[in-house]
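Just so it is clear: chains get the letters A, B, ... in the order the sequence lines come, proteins before strands, and each one is counted from 1.
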Amino acid sequence: MSDPLTLDLSFFEGDSTTVAPKLLNLLLVRGRRVARIVEVEAYAGASDAASHAYRGKTPRNATMFGPPGHLYVYFTYGMHFCANVVCREAGVASAVLLRALAPLEGLEEMRALRPAARRDVDLCSGPARLCQAFGIVRADDGADLVTGDHGITLVSDGFAPPAAPLRGTRVGLSAKAGADGALLWRYAVTGDQNVSRPRPNSGLTAAETVVR
DNA sequence: ACCGGGATGTTCT
DNA sequence: GAACATCCCGGTG
């Protein structure tokens, strides 16, 4: 990594659909582990039936209603954690789910935490996988990504986000949970091999799921 | 390669 | 009691 640049809090104050594509190509850093963000999804909060914040503030989603630039970590499927970057000012819920990273440094530590990953491209290619690789757990909910109070930071190395990222529909949402095929709120770096697989049973290949 | 199903526990109805 | 912003393994082609 060369010359990491700290982000300003104002970077995160926009809506999730604005912030999401700007997160692409930023670096997630924890100790010696460094990975580039290559796939994200926007969740808009009160107006978004698929957002955990849709039905208002609860103990689980409280971090989403807090200040921007913090990590919202939730537990799902009885065994997995997923991590979001909180957007918007305090009091308004909006967040971006981290879906895939390209590992750059500290791969040995990631491999140790992800024994099931057969190839390095599997280390961070999924929202729960990247949490495993970075050791992100419930205790990291609320971590400040600017100050790094949990040892986790989000920085830039001067590599700009793609001008025209791949876009697609969000993954893993049932119709009941608010899936909306009209919303292309999944953003990814074109051609990156670490982009996560399509939803199981979707009948789509990865290339088809993330569309132009 | 592409399926199908099981794991596991928190959260909300 | 159902659903869940998922992953992994073992089947089949």
#### Entry: Test item: A/Asn61 side-chain N/O and A/His52 main-chain N/O as donor-acceptor pair under 3.5 Å
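Yes, the answer is positive, given that a donor and an acceptor are paired below the 3.5 Å cut-off.
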### Task
Would you check if the side chain of A/Arg99 reaches a backbone N or O of A/Ser196 as a donor-acceptor pair within less than 3.5 Å?
no
Is the shortest side-chain N/O distance from [X] to OP1 or OP2 of [N] below 4.0 Å?
| X | N | answer |
| --- | --- | --- |
| A/Arg99 | C/dT6 | yes |
| A/His80 | B/dT8 | no |
| A/Arg55 | B/dT13 | yes |
| A/Ser174 | C/dA3 | no |

In whole angstrom, what separates [X]'s [atom1] from [N]'s [atom2]?
| X | N | atom1 | atom2 | result |
| --- | --- | --- | --- | --- |
| A/Met64 | B/dT11 | CE | P | 15 Å |
| A/Asp122 | C/dC7 | CG | P | 11 Å |
| A/Arg119 | C/dC8 | CZ | P | 11 Å |
| A/Phe75 | B/dT8 | CZ | P | 11 Å |
| A/Asn61 | B/dT11 | CG | P | 10 Å |
| A/Arg170 | C/dC4 | CZ | P | 14 Å |
| A/Arg138 | B/dT11 | CZ | C1' | 11 Å |
| A/Leu71 | C/dA5 | CG | P | 17 Å |

## Note on the structure
Per atom distances to the A/Arg129 side chain, the nearest of C/dC8, B/dC12, B/dT11 is C/dC8
### Closest listed nucleotide, where the reference is the side chain of A/Met79 and the choices are C/dA5, C/dC8, B/dA7
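Nearest to the side chain of A/Met79 among the choices is B/dA7.
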### Task
If C/dA5 has a Watson-Crick or G-U wobble mate with both distances under 3.5 Å, name it; if not, just say none.
none
### Message
Taking pairing as Watson-Crick or G-U wobble with both contacts under 3.5 Å, can you name the mate of B/dT8, or confirm there isn't one?
### Response
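When the pairing criteria are applied, nothing turns out to pair with B/dT8, so the answer is none.
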### Message
Quick check on side-chain contact (heavy atoms from CB on, under 4.5 Å): which of A/Thr17, A/Leu23, A/Asp15 does A/Val19 satisfy it with?
### Response
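So the option named by the test is A/Leu23.
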### Message
With rounding to the closest Å, how many angstrom separate the P atoms on B/dG6 and C/dA2?
### Response
16 Å
### Query
At under 4.0 Å between heavy atoms, what does A/Arg118 touch on the DNA or RNA strands: base, sugar-phosphate, or nothing?
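Nothing, no nucleic acid heavy atom in range.
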### Message
Applying a 4.0 Å non-hydrogen cut-off, can you work out what A/Ala50 is touching in the nucleic acid: base, sugar-phosphate, or nothing?
### Response
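Answer is base: heavy atoms of A/Ala50 come under 4.0 Å of a base.
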### Message
Other residues, nucleotides and ligands only: do more than 12 of their heavy atoms fall within 6.0 Å of CD on A/Glu89?
### Response
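Atom CD in A/Glu89 is packed in, count exceeds 12.
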### Query
Do the charged groups of A/Asp120 and A/Arg111 touch, with an N to O distance under 4.0 Å?
yes
### Message
Less than 4.0 angstrom from a charged side-chain N to a carboxylate O is my criterion; do A/Glu39 and A/Arg186 meet it?
### Response
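Yes, A/Glu39 and A/Arg186 are salt-bridged.
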#### Entry: Closest-nucleotide 5' rank along DNA chain C - winner of A/Lys176 and A/Leu130
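By nearest-heavy-atom nucleotide position, the 5'-most residue is A/Lys176.
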### Query
Within the stacking criterion (centroid distance below 5.5 Å, interplanar angle below 30°), does A/Tyr43 stack on C/dA5?
yes
### Task
Record whether the side chain of A/Tyr77 comes under 3.5 Å of the base of B/dA7 through a donor-acceptor pair of N or O atoms.
no
